[in-house]
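Read the structure below first, then the notes.
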Amino acid sequence: MNKQPGQNDKHNHAQTCPHIHTAHSNECPVKPSAASCPYHGKSNAATNGPAARRTASIAAHLFQAENAYQEQTSVLPFEAIPGPRTEDERTYRTDNHAYLMRLHDQYGDVFRIIRRGKPVVFVRSADLVRRVLLSEDDFDKTFDADHASTPTLQYLMNIMQPLLKTAEVFKSTDNHQHRFLLKSIFNASDVFAPGFLRVVRATLETWPTHAKHFDTLRASHHLVFAAVMVIIMGENQSYTKEFYDEATNVLEHFEQRYSKPMFDVKINEEDEAVMARLEAAGLAVVKEFRRRIGEGTQTLPGQSEEITKRSMLYTMMQVGSGHGGPGGDAAKFSDEEICGTMINTLLAASEGPASGLSTTMYDLVRNPEVQERFGREVRSLAQQFTGADYLNELLENQYVHGTVLEGLRMKTPVAIVQRRAMHDTTVGSYAVPKGTIIGVCIAAVHKDKNQFSCPHQFDPLRSGLDHTFLDREQCFMTFSGGPRGCPGRHLAVTLLKIAASSIVDKYRLVDTDQPQDIPGKVYNLLSGMSEDYLLNCSSDPDTTGDS
């Protein structure tokens, strides 16, 4: 019999409501009301509508991690977690992804090691990853690198880069208010996209059409630097040369430091000095930007005023200014904190996309059929559309989207995501004491055959490449996940789509030998271009070194 609108359907509710998580119950433990359960008591039309389905998806995403553990009937002691107990530090430091993947293959989805005298638990399966990253009440973010940091610099193990401590938004402590103030930037990829396209095309004009060898990793860093500065201050970067040069010096300094086997992770006086010079140059940019905004001269003719007013520096300078916008009534940011946020954003937001761009180029070399189709898609769009229409179609193209995300899955720029147990809790069937560090090796998750079929195959059309939510069965987590995941993920993906497509539109990528006279990189990518626009990439850029 057909149901009438408004008639309750328990079976439909049992399939939809995230509170019902057993095969033996179709009774929702939450009393039926719009405030307590968004699914219970609704009609078929309501629960099957687009808005209701999205609400169901979001709520199920949030509830499932906790609810899945309510069915556990026994908890094993912490000491029962398998593992080698003592970490092989040299192997971890020189071959970290492969080392952790081997341990997962040997011990399963959960194992425990001892690092610097403290136990660290690693998890891999989708349900455990979701449990750790989505459970705000049980796990909080931690860098676990105080031993390597100083009063002014915080070492980040996941990107092998120290950042300034003056920027609250980058700290592991509760910083949701600072993140909220910058939310309008993180969610404005559509606003920044035209600026990305203009700066990427301008940068590619400086790439040679004939060179014996061309370092694509360094070139990718410079290209991404320029694009990230669009987010930071808009398109007018005419007075940033000294800051840009100091940022390049910082990049080269830590690249050299951290490419050496068994490097000392502790920040030293030279590290402090190069970061201090960058901070001084950054303060000069902040003050000049403030002056030009006051005079109305920051946005030059032909540039986007909207991009300027959505930029990070402009947004932070409006806080407490009485001019409205996010946090208009909050306390003002000092120039020092604005500068620290700018520098940390440039370093952190450039490292991942730059490495991701260069390794994706390498994967396109290894998969010429993917490169060929990728190029056809881009050129077809360029023939059919122009201006804003071209950009919109490019960013919505399924193959472009899949190629970029699959590149990030194959060789993720970030090695480790870490959380800390806030109290005694459980991970899987094991008890976990308060203060325990929980690690997730992203490469191990992305190469887990139980989550991604044929995980070593480059497939832009594979399922599970969702950079917004952690899927229930396939955790694509290049940008971590949950409430403490990377807030700039949409900006990064937008930038990478534009950069990768612009490169493939101009060059054909082919293999070449590794020259002996050019120093190796953390991501060992070198390339050469010939007169017929051949971009040659060499060396497998798998990640090595400390996480």
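Residue numbers run from 1 in the order of the sequence given. FYI, side chains are in, hydrogens and waters are out, and symmetry mates aren't considered; it's all heavy atoms of this structure. Fair warning: this is a prediction, and the values are worked out from it, not measured in the lab.
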How about [X] and [Y]: does a side-chain donor come under 3.5 Å of a side-chain acceptor?
| X | Y | answer |
| --- | --- | --- |
| T425 | R131 | yes |
| T248 | E252 | no |
| H221 | E351 | yes |
| R366 | Y362 | yes |

Taking the side chain as every heavy atom from C-beta outward, state whether [X] and [Y] have any pair of such atoms under 4.5 Å apart.
| X | Y | value |
| --- | --- | --- |
| R124 | M101 | no |
| I438 | Q418 | no |
| T345 | T341 | yes |
| R419 | L133 | yes |
| V121 | I113 | no |
| L346 | I343 | no |
| W207 | Y507 | yes |
| V427 | I81 | no |

(request) Specify whether Y99 and Y92 have parallel, tilted or perpendicular ring planes, treating 30° as the upper limit for parallel and 60° as the lower limit for perpendicular. (result) perpendicular
Exercise: identify the closest heavy-atom pair between [X] and [Y]:
| X | Y | answer |
| --- | --- | --- |
| F139 | T426 | CZ-O, 4.2 Å |
| P455 | H446 | CB-O, 3.9 Å |
| L495 | A227 | CD1-CB, 3.4 Å |
| A193 | L395 | CB-CD1, 4.0 Å |
| S125 | D109 | CB-OD2, 3.4 Å |
| G356 | L408 | CA-CD2, 4.0 Å |

Salt-bridged, [X] to [Y], with N to O below 4.0 Å?
| X | Y | result |
| --- | --- | --- |
| E377 | R373 | yes |
| K447 | D105 | no |
| D363 | K411 | yes |
| R201 | E205 | no |

Out of curiosity, [X] [atom1] to [Y] [atom2], how far, rounded to the nearest 0.5 Å?
| X | Y | atom1 | atom2 | result |
| --- | --- | --- | --- | --- |
| T386 | E393 | OG1 | CD | 11.5 Å |
| T308 | L313 | OG1 | CG | 10.5 Å |
| S311 | M316 | OG | CE | 11.0 Å |
| L394 | L197 | CG | CG | 8.0 Å |
| L223 | T203 | CG | OG1 | 4.5 Å |
| I231 | L491 | CD1 | CG | 4.5 Å |

(request) Would you please test F452 and D459 for side chain to side chain contact (heavy atoms under 4.5 Å, CB included) and show each step? (result) CA-CA 10 Å; F452 297 95; D459 181 8; over 6 Å; no
(request) Compute the centroid of each ring, for H401 and then for H467, and state whether the two points are separated by less than 6.0 Å. (result) yes
(request) Flag the pair F111 / H104 as yes when their ring centroid distance falls below 6.0 Å, and as no otherwise. (result) yes
Is it the case that the side chain of [X] and the backbone of [Y] share a donor-acceptor pair, with hydrogens and angles ignored and the cut-off at 3.5 Å?
| X | Y | result |
| --- | --- | --- |
| S358 | S355 | yes |
| Q371 | R508 | no |
| D505 | S501 | no |

(message) Out of the candidates L465, D466, L496, only one should pair with L405 under the side-chain contact (heavy atoms from CB on, under 4.5 Å) rule; please name it.
(response) L465
(request) Compute both the distance and the angle, then confirm whether R462 meets the cation-pi test with F476: under 6.0 Å from the six-membered ring centre, within 45 degrees of the axis. (result) no
(request) Show your working on side chain to side chain contact (heavy atoms under 4.5 Å, CB included) between E369 and N367 and close with a plain yes or no. (result) CA-CA 6 Å; E369 71 287 350; N367 298 273; 3.8 Å; yes
(request) Could you pull out all residues at least two apart from V230 that satisfy side-chain contact (heavy atoms from CB on, under 4.5 Å)? (result) F192, F196, V199, Q237, I307
(request) Please lay out, stage by stage, how R102 and D95 fare under the test salt bridge (charged side-chain N to carboxylate O under 4.0 Å, His left out). (result) CA-CA 11 Å; R102 287 196 299 270; D95 199 18; 3.7 Å; yes
(message) Counting neighbours of CD on E396 that are heavy atoms of other residues, nucleotides or ligands and sit closer than 6.0 Å, is the number greater than 12?
(response) no
(message) Does Q384 have more than 12 heavy atoms from other residues, nucleotides or ligands lying within 6.0 Å of its CD?
(response) yes
(request) May I have the step-by-step check of side chain to side chain contact (heavy atoms under 4.5 Å, CB included) for V404 and T360, ending in yes or no? (result) CA-CA 7 Å; V404 166; T360 297; 5.7 Å; no
(request) Please identify each residue that fulfils salt bridge (Lys or Arg N to Asp or Glu O under 4.0 Å) with R409, with sequence neighbours left out. (result) E406
(request) Walk me through it: do V120 and R112 pass the test side chain to side chain contact (heavy atoms under 4.5 Å, CB included)? (result) CA-CA 6 Å; V120 179; R112 179 169 69 105; over 6 Å; no
